[in-house]
Amino acid sequence: MANRFTLYGHQLSGPTYKVALMLVLSGEPFTYHHVDLRAGAHKQPDYLAKNRFGQVPCLHDGTHHYCQSASILQYLAETLKKFDGKNAEEHARIREWMFWDFDRLAPGVFRSRAYKAGLRKGEPPVVESFKADGDAGLAVLEQHLSKSEWLVGGKSTIADIDCYGVVHYAPVSFDLAKYPKVADWKKRFEALPGFGTPEQIVPGEQKAA
Ligand SMILES: N[C@@H](CCC(=O)N[C@@H](CS)C(=O)NCC(=O)O)C(=O)O
């Protein structure tokens, strides 16, 4: 039988990794379509019909296409009833982390990784400014995780999946020894059943149904 979910993405994409993580941690097999960003496949009409923003990831659930990784995580949490908050307050707290992540944590960590890998070029003050943003974001996480094991409530939720999908790439440019609580949380997250690295769970190319 064909898989219910099809993920369109790229192996080097952090937001694609977040959605793949949610699927594997939820025990949901998925079909995978590699979107060749270098060739501009994400700006072609057939892909724009799936994701109007022309970005990866995009998830098809058998009837509709969904985009924006944080929104996809919420959709999956609601429909699969996994990694979700248990009441309105927890849902709000989860959203707070996810909105904060893309605003304050991801730019510093992802950009610093791209500079380090030579995928982007930047003047030293710009590079340093993204590095400082990443450190500031990690310090916020460190502070919160010194009080609790998971970001919201007493168990792992999509808030953890969302932020982990960024922190996974932090060691490329940041010294996590400076953030021991974040390092412990990262290890706890990596011990969740089904966990995999991007290389393990996001294929480089196609993955059939
Ligand atoms: N906010 C979006 C960001 C997605 C995003 O930035 N995707 C990148 C790859 S990591 C992309 O598709 N870049 C190509 C482009 O924006 O043209 C999400 O979380 O899904």
Side-chain angles (χ1 to χ4, degrees), residues 5-26 28 30 32-61 64-80 83 91 94-122 126 130 133-134 137 141 151 157-174 189 196-207:
F5 296 110
T6 299
L7 176 61
Y8 295 80
H10 194 287
Q11 196 186 54
L12 296 180
S13 154
T16 298
Y17 180 44
K18 293 178 181 192
V19 176
L21 267 175
M22 177 66 182
L23 290 168
V24 297
L25 294 173
S26 301
E28 287 290 333
F30 62 94
Y32 182 76
H33 278 269
H34 169 71
V35 179
D36 191 346
L37 299 180
R38 207 172 280 177
H42 54 311
K43 305 298 182 197
Q44 299 307 311
D46 63 331
Y47 188 76
L48 290 172
K50 299 177 180 69
N51 180 347
R52 70 187 85 84
F53 303 120
Q55 293 184 310
V56 292
C58 171
L59 184 79
H60 189 250
D61 76 342
H64 296 93
H65 288 99
Y66 295 97
C67 57
Q68 292 296 330
S69 59
S71 177
I72 296 171
L73 292 188
Q74 265 188 289
Y75 172 77
L76 289 171
E78 277 170 30
T79 54
L80 300 174
F83 297 100
H91 289 144
I94 286 170
R95 285 195 298 276
E96 289 169 7
W97 280 110
M98 296 204 299
F99 291 172
W100 170 82
D101 171 5
F102 227 79
D103 184 29
R104 293 287 158 166
L105 180 67
V109 174
F110 284 162
R111 280 291 185 98
S112 299
R113 166 190 173 229
Y115 289 133
K116 198 86 169 208
L119 300 171
R120 268 180 185 265
K121 300 243 173 298
V126 177
F130 277 107
D133 288 349
L141 275 180
L151 292 178
T157 66
I158 49 172
D160 299 285
I161 296 176
D162 196 62
C163 290
Y164 178 86
V166 173
V167 172
H168 176 82
Y169 302 95
V172 176
S173 341
F174 298 87
F189 188 95
T197 63
E199 297 73 23
Q200 289 167 334
I201 67 170
V202 182
E205 300 291 336
Q206 303 295 119
K207 192 183 97 177

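Note that this is a predicted model, so its numbers are computed, not measured. Just follow the structure's listing: the first ligand is 1, and inside any ligand the first atom is 1.
Below 30°, between 30° and 60°, or above 60°: for Tyr115 and Phe130 the angle between ring planes is between 30° and 60°, a tilted geometry. In this structure, Trp100 and Trp97 have perpendicular ring planes: the angle between them is above 60°, well past the 30° mark.
In summary, the aromatic rings of His42 and Tyr47 are positioned with their centroids too far apart to meet the 6.0 Å limit.
In this view, Glu96 and Arg93 satisfy the salt bridge (charged side-chain N to carboxylate O under 4.0 Å, His left out) rule, not counting sequence neighbours. With sequence neighbours excluded, the residues satisfying ring pair (Phe, Tyr, Trp, His ring centres under 6.0 Å) with Tyr66 are Tyr75. By the ring pair (Phe, Tyr, Trp, His ring centres under 6.0 Å) test, His60 pairs with His65, sequence neighbours left out.
Contacts of ligand 1 (protein heavy-atom distance under 4.0 Å) are Ser13, Pro15, His42, Lys43, Gly54, Gln55, Val56, Pro57, Gln68, Ser69, Phe102.
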